[in-house]
Amino acid sequence: MHAFAFVRPADTAAAVASAAQANTAQQGADVRFVAGGTTLLDLMKLNVETPARVIDINRLPLNQIEVTPDGGLKIGATVRNTDLAHHPTVQRDYAVLSQALLAGASAQLRNMATTAGNLLQRTRCVYFRDTAMPCNKRDPGTGCPAITGTNRTLAVLGTSAHCIATHPSDMCVAMVALEATIHVQGPQGTRAIPVGDFHLLPGSTPHRETVLEPGDLITHVTLPPPVVGSRQVYLKLRDRASYEFALASAAVVLTVAGGHVTRVRVALGGVGTKPWRSPEAEAALVGQPTNQAHFRTAAEAALRDAQPQSENAFKIELATRCLTHALQLATA
Ligand SMILES: Cc1cc2nc3c(=O)[nH]c(=O)nc-3n(C[C@H](O)[C@H](O)[C@H](O)COP(=O)(O)OP(=O)(O)OC[C@H]3O[C@@H](n4cnc5c(N)ncnc54)[C@H](O)[C@@H]3O)c2cc1C
Ligand code: SF4
C-alpha cells in the first residue's frame, strides 16, 4: 500500500475543514474519510484508491440511533450495520432495513461497516478493482472492458455506453424504499439530500458516483415516520445463501386495505447502476388487487427498460421473479 497520513480530527467541523482541501470527493480523491474501512482499505490495498490523507471519523459523535420529534428515525453516520439491524425500533417499524442489512456481507463485516460507508461502497466490477485493466470509472476515458467482457453480475438498468457497473449495496435498496434522507455537513454548511438523488447514473461520467463535494461529511440519515400498517420485505437472490452480493433483490413497503394495494414503495438491487426505485411498478400496483397476476405485471413494468449485456440477460427474469415473490411474501 502507498504511504499516507492518518489524522483524527477532534470534531466534525475539523473533519470537514481537513477534507475540504481535497481535489474531489469522487474517484481519485486525495483525501478520504475512513469509518469501518471495509471498502476503503480493500481498495487502498489494490491501489484503486490512493489518498494522501485518511481522516478517521470513528471518534466523532455520530454513532447514535434516535427517534426524531416527528416520529421518524435519525441514524448516525458511524452506526454499525449490526447495531442498526438489531435496533428494536428498526426491527419493529423499518423491518425492510433490518432484513436488508442482515442479508449483506458477513457478521464480522457488519460489525465494522457503517451507515455512511455502506452508502458509499464501490462497485464489485472486476475491472474496476484491477488496475492492470482499463476502466472508465477508475480511470476516465480508458474504456469499459465489461461491455464486451465479464458482465454476468453487472447492471441491466441505468447503464450507459461508458459504464454498466452495479451498485452493490443491500442497505441502500431498503433506504430507497423507505424514502430516507442523507444529511451532509460541508464547507458551505449543512444540506439534506433525498436518497433517490444521492447516487448518480453513470452517463458519460461514471467516476462521479454521488453528489458529494470535497469536504462533505455524511453526519446522519433520517427515515420518515413509519407507514402505519405497512408490510415490509427485502428479498435477495444470489449465487450462494450467504456472504454474497445480490444478483437481484427487491425491497417492498406496502399497505393493503380491502384486498387492494393502497400505498407501495418498490426498490430493486443487483440490477441497477444505482439503488433502483421503480415508480413503474408502484403505479402498476396501487389500487390493484393483491394477486400474483398483478404482481407479475408490476414486476415486468419495473424491468421494461432493462438493457442486457452478453452474460446477464438472465437477470431480467430473475429480478422480475424476485419482485413478484417479494410482493407475494408481503401480502401472504
Ligand atoms: C467481502 C465483502 C463482502 C460484502 N458483501 C456485501 C453485501 O453482500 N451487501 C452489501 O450491501 N455490502 C457488502 N459489502 C460491503 C460493505 O457493506 C461495505 O464495505 C461497508 O458497508 C462500508 O462501510 P465502512 O464503514 O466499512 O466504509 P469505509 O470503508 O470506511 O468507507 C467507504 C467510503 O465511504 C466514505 N465515508 C465513510 N464514512 C463517511 C462519511 N460519514 N461521510 C463521507 N464519506 C464517508 C469513505 O471515505 C470511503 O470512500 C461487502 C464487503 C466485503 C469486503
Ligand atoms: S462497468 Fe464501469 S466499473 Fe466496470 S469496467 Fe466498465 S467502466 Fe469500469
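In listed order, ligands and their atoms are each counted from 1.
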Which residue holds the protein heavy atom closest to [atom], what is that atom called, and what is the gap in Å?
| atom | result |
| --- | --- |
| atom 50 (C) of ligand 1 | F245 CZ, 3.5 Å |
| atom 34 (O) of ligand 1 | L120 CB, 3.3 Å |
| atom 1 (S) of ligand 2 | I164 N, 3.3 Å |
| atom 15 (C) of ligand 1 | Q121 OE1, 3.3 Å |
| atom 28 (P) of ligand 1 | G37 N, 3.4 Å |

Output yes when a side-chain donor or acceptor of T331 lies under 3.5 Å from a complementary backbone atom of Q328, and no otherwise.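 Checked: pair present.
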Any nitrogen or oxygen of [X], side chain or backbone, less than 3.5 Å from one on ligand 1?
| X | value |
| --- | --- |
| D170 | yes |
| A35 | yes |
| Y243 | no |
| A116 | no |
| I218 | yes |

Counting only heavy atoms, which portion of [X] has something under 4.0 Å from ligand 1: side chain, backbone, both, or neither?
| X | value |
| --- | --- |
| L109 | side chain |
| R110 | neither |
| A246 | neither |

May I ask you to check if any N/O/S atom from C125 comes under 2.8 Å of atom 8 (Fe) of ligand 2? no
Any N/O/S atom, side chain or main chain, of C163 closer to atom 2 (Fe) of ligand 2 than 2.8 Å?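 An N, O or S atom of C163 is closer than 2.8 Å to atom 2 (Fe) of ligand 2, so yes.
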Is the F6 ring parallel, tilted or perpendicular to the F4 ring (thresholds 30°, 60°)?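 If you compare the ring of F6 with that of F4, the planes turn out perpendicular.
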Show me which atoms of ligand 1 lie under 4.0 Å from any heavy atom of [X].
| X | result |
| --- | --- |
| T38 | 18 (C), 19 (O), 20 (C), 22 (C), 23 (O), 24 (P), 26 (O), 29 (O), 53 (C) |
| I57 | 38 (N), 39 (C), 40 (C), 41 (N) |
| N118 | 17 (O), 21 (O), 22 (C), 23 (O) |

Which residue in the set R122, K274, H199, H167 passes side chain to side chain donor-acceptor pair (under 3.5 Å) when paired with E209?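 Of the listed options, the one satisfying the test is R122.
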Option set G36, G117, S242, criterion heavy-atom distance to atom 23 (O) of ligand 1, minimum: G117
Is there a donor in the side chain of S18 and an acceptor in the side chain of R53, or the other way round, less than 3.5 Å apart?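 Their side chains do contain a donor-acceptor pair, which is all the 3.5 Å distance test asks for.
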Is it true that R138 lies under 4.0 Å from ligand 2, counting heavy atoms only? no
Apply side chain to side chain donor-acceptor pair (under 3.5 Å) to residues T78 and N63 and explain how you reach the verdict. CA-CA 5 Å; T78 57; N63 64 349; 5.1 Å; no
